[in-house]
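Note sheet for the following structure.
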Number of protein chains: 2
Amino acid sequence: MTDIPGFRPLYQQVREMFLRRISDGTWEPGRLLPSEQALAVELGVSQGTVRKALDSLAADNLLERRQGKGTYVAAVTPERSLFQFFRIARPGGERLTPSSGTAKTRVRAATGEERQRLGLSPGTEVIEIERTRAVDDKPIILETIIVARDRFPGLEGGDIPNALYALYQSEYGVNVTAANEELRAQAASTDEAAQLGIAEGTPLLAIDRLAYDLDGKPVEWRRSLCDTRELVYAVTLR
Amino acid sequence: MTDIPGFRPLYQQVREMFLRRISDGTWEPGRLLPSEQALAVELGVSQGTVRKALDSLAADNLLERRQGKGTYVAAVTPERSLFQFFRIARPGGERLTPSSGTAKTRVRAATGEERQRLGLSPGTEVIEIERTRAVDDKPIILETIIVARDRFPGLEGGDIPNALYALYQSEYGVNVTAANEELRAQAASTDEAAQLGIAEGTPLLAIDRLAYDLDGKPVEWRRSLCDTRELVYAVTLR
DNA sequence: TAGTGGTCTAGACCACACA
DNA sequence: GTGTGGTCTAGACCACTAA
């Protein structure tokens with residue numbers, strides 16, 4: 001590495017340089033990276049140091065390594081984004097993928113809470129997306145999604161696909177790589193019950209999600225209301 | 001390593017050997033391990049290979065490495081076990097630790113579902129523990145815990161501490177290192193409502209946890225009913 | 001000062017993919 | 001066969017800890 005003050009481990013500096021290249025699009029999703037040896041020569045460090053940086057990024061799902069082929073920038077495929085962030089499953093652990101019904105979108109000024117959660121300035125407009133998601137053709141989830149309009153211009157007009165994060169990446173260059181979720185139990189309101197085809201007051205699982213991009217900035221606020229009479233939210237603790 | 005057929009990477013074989021030593025108590029919790037160099041000489045591999053095995057175990061919270069001091073077997077301190085498995089927090093993310101009320105224990109034959117979940121043979125007895133847990137002196141969680149009696153003899157008679165997993169380790173040599181949880185929303189029954197001091201029918205968050213030991217065998221089945229009107233279950237996805 | 005884990009390097013060989 | 005990542009080794013120096 002040509003000239004970096006040595007107060008942080010080399011491999012972390014290399015990691016951060018690679019992270020920047022992914023984040024700013026120099027290395028776009030799906031792209032094959034140069035070989036470890038080539039990167040080592042370019043940066044003037046040993047192959048082992050490059051390897052440690054690449055391994056660490058692969059552990060965070062940002063790169064994919066394939067023996068014999070090379071190292072690729074992770075592409076957020078629809079399946080992948082669902083598998084990574086969709087935690088609803090059948091009791092016992094079987095994973096499943098929901099289908100997405102038609103969505104209603106509107107544009108409006110951000111509320112105070114939305115500005116705070118998404119880190120927006122006053123007066124910013126947001127896009128609100130409402131949709132239901134179904135499993136086995138039964139509506140199970142009622143979803144409300146909030147994103148800043150200036151980050152996703154035109155989103156309100158287009159089709160809303162099942163796997164939104166793949167669209168964020170391919171159309172807007174926004175990589176959702178992490179999220180925090182907060183779960184509560186709450187009773188279904190009249191309106192919510194009607195949309196899910198259940199009785200008013202039925203206990204629903206409410207999931208509040210804040211999704212973050214590669215730079216750690218909040219991208220999307222999503223609230224999901226789930227009918228958990230036949231499905232569960234599955235978590236693995238280690 | 002003197003004589004191991006080479007069909008798995010060396011560092012994984014070393015990892016498994018170390019795991020066995022932790023699991024069977026050869027290396028008891030809190031113990032200082034021999035230095036990397038000493039382990040490398042003992043096994044006849046390079047220090048780098050030992051390091052890779054130790055790093056991987058440290059990443060799984062089974063070892064603790066302290067620069068300048070050495071590598072220690074992770075001890076399940078009460079704080080640690082709570083921090084690792086207790087996901088209830090205040091909205092916004094602040095972690096908290098509950099206090100534990102008095103517990104009721106009983107011994108009885110295992111039900112079919114309990115036998116299946118815990119992998120028990122017919123006729124096995126289980127210990128059932130019921131208790132409430134409080135935050136800010138308000139009862140928030142109603143907990144039912146099921147363990148096999150032959151694995152925890154005498155547990156039904158003693159004091160039930162707040163951090164049970166620390167007791168499992170210190171008194172019974174059982175290391176809980178992983179768990180699967182399934183979450184649902186459901187209405188409080190008359191009895192549950194009374195114990196939590198809330199109205200019948202209040203939506204509660206039901207958490208079904210199966211906890212596993214180092215060998216991947218199920219150890220405990222725990223069902224927690226949480227009042228989530230002021231608290232949430234927090235998850236980080238990556 | 002001596003001993004530990006943490007970082008960095010250099011080079012060897014293996015397993016795999018693909019032309 | 002050639003090139004890739006995966007594994008393994010050996011040795012150097014650094015940062016931290018404790019006597």
Side-chain angles (χ1 to χ4, degrees), chain A residues 1-19 21-22 27-75, chain B residues 1-19 21-22 27-75:
Chain A
M1 178 114 12
T2 47
D3 217 354
I4 291 188
F7 57 99
R8 308 212 341 119
L10 242 192
Y11 72 91
Q12 286 188 25
Q13 299 177 39
V14 173
R15 183 197 143 101
E16 275 155 27
M17 167 170 299
F18 292 167
L19 191 57
R21 291 185 184 180
I22 301 170
W27 286 346
E28 68 270 25
R31 166 173 180 155
L32 174 64
L33 264 54
S35 73
E36 295 180 350
Q37 192 49 245
L39 289 168
V41 169
E42 177 204 338
L43 302 180
V45 302
S46 79
Q47 188 183 356
T49 300
V50 168
R51 160 160 285 152
K52 209 166 170 182
L54 293 177
D55 281 344
S56 131
L57 289 166
D60 288 347
N61 298 317
L62 301 175
L63 296 177
E64 273 181 36
R65 318 202 70 182
R66 296 181 213 157
Q67 185 173 161
K69 302 187 73 173
T71 302
Y72 297 78
V73 181
Chain B
M1 180 123 359
T2 47
D3 218 354
I4 291 189
F7 56 100
R8 305 203 354 108
L10 243 193
Y11 73 91
Q12 286 187 26
Q13 299 178 39
V14 174
R15 183 197 143 102
E16 276 154 28
M17 168 170 299
F18 291 168
L19 191 57
R21 292 185 184 180
I22 301 171
W27 287 345
E28 68 271 25
R31 165 172 180 157
L32 173 64
L33 264 55
S35 72
E36 295 179 350
Q37 193 47 245
L39 290 168
V41 170
E42 179 204 338
L43 301 181
V45 302
S46 79
Q47 187 182 356
T49 299
V50 169
R51 159 158 287 150
K52 208 165 171 183
L54 293 177
D55 280 345
S56 130
L57 289 166
D60 289 347
N61 298 316
L62 301 175
L63 297 177
E64 274 180 33
R65 318 202 71 180
R66 297 180 213 157
Q67 185 171 165
K69 302 187 73 174
T71 302
Y72 296 79
V73 181

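Labels below follow one simple rule: chain letters A, B, ... track the order of the sequence lines, proteins then strands, and each chain is numbered from 1.
Rounded to whole Å, atom C1' of D/dC14 lies 14 Å from atom CD of B/E36. In this structure, CD of A/Q37 is placed 15 Å from C1' of D/dT2, rounded to the nearest angstrom. Between the CG atom of B/L54 and the C1' atom of C/dT4 there is a distance of 12 Å, rounded to whole Å. Whole-Å rounding puts the A/K52 NZ to D/dG6 C1' distance at 16 Å. Rounded to an integer number of Å, the gap from B/L32 CG to D/dA18 C1' is 13 Å. The distance from atom CD of A/Q47 to atom P of D/dT9 is 17 Å, rounded to the nearest whole Å. The CD-P distance, from A/Q13 to C/dT7, rounds to 12 Å in whole Å. Look at CG on A/L10: it is 17 Å from P on D/dC13, rounded to the nearest Å.
Looking at residues 59-75 of chain B, you'll see B/Q67, B/G68, B/K69 sit with a heavy atom under 4.0 Å from some atom of DNA chain D.
The minimum heavy-atom distance between A/A53 and A/V14, with the atom names listed, is CB-CG1, 3.6 Å. Minimum interatomic distance between B/K69 and B/L32 (heavy atoms only, all atoms of both residues): O-CD1, 4.2 Å.
The phosphate of D/dT9 has OP1 or OP2 within less than 4.0 Å of a side-chain N or O from B/T49. In this model, the phosphate group of C/dT7 is approached by a side-chain N or O of A/Y11 to a distance below 4.0 Å at OP1 or OP2.
A salt bridge between A/R31 and A/E64 is absent, with no side-chain N of the basic residue lying under 4.0 Å from a carboxylate O of the acidic one. With respect to B/R65 and B/E36, a salt bridge is recorded, a charged nitrogen being found less than 4.0 Å from a carboxylate O.
Nearest nucleotide to the side chain of B/S35, out of C/dG5, D/dG5, C/dC8: C/dG5.
Note that CG of A/D60 is 8.5 Å distant from CG of A/L19, once rounded to the nearest 0.5 Å.
Evaluation of atom-type donor-acceptor distances gives a pair under 3.5 Å for the side chain of A/R51 against the base of D/dT7.
Checked by atom type and distance alone, the side chain of A/Q37 never pairs as donor or acceptor with a backbone atom of A/Q47 at under 3.5 Å.
Within the cation-pi definition used here (under 6.0 Å to the ring centroid, within 45° of the axis), B/R66 qualifies as a partner of B/Y72.
The partner of C/dA19 is absent, by the rule that a Watson-Crick or G-U pair needs both atom distances under 3.5 Å.
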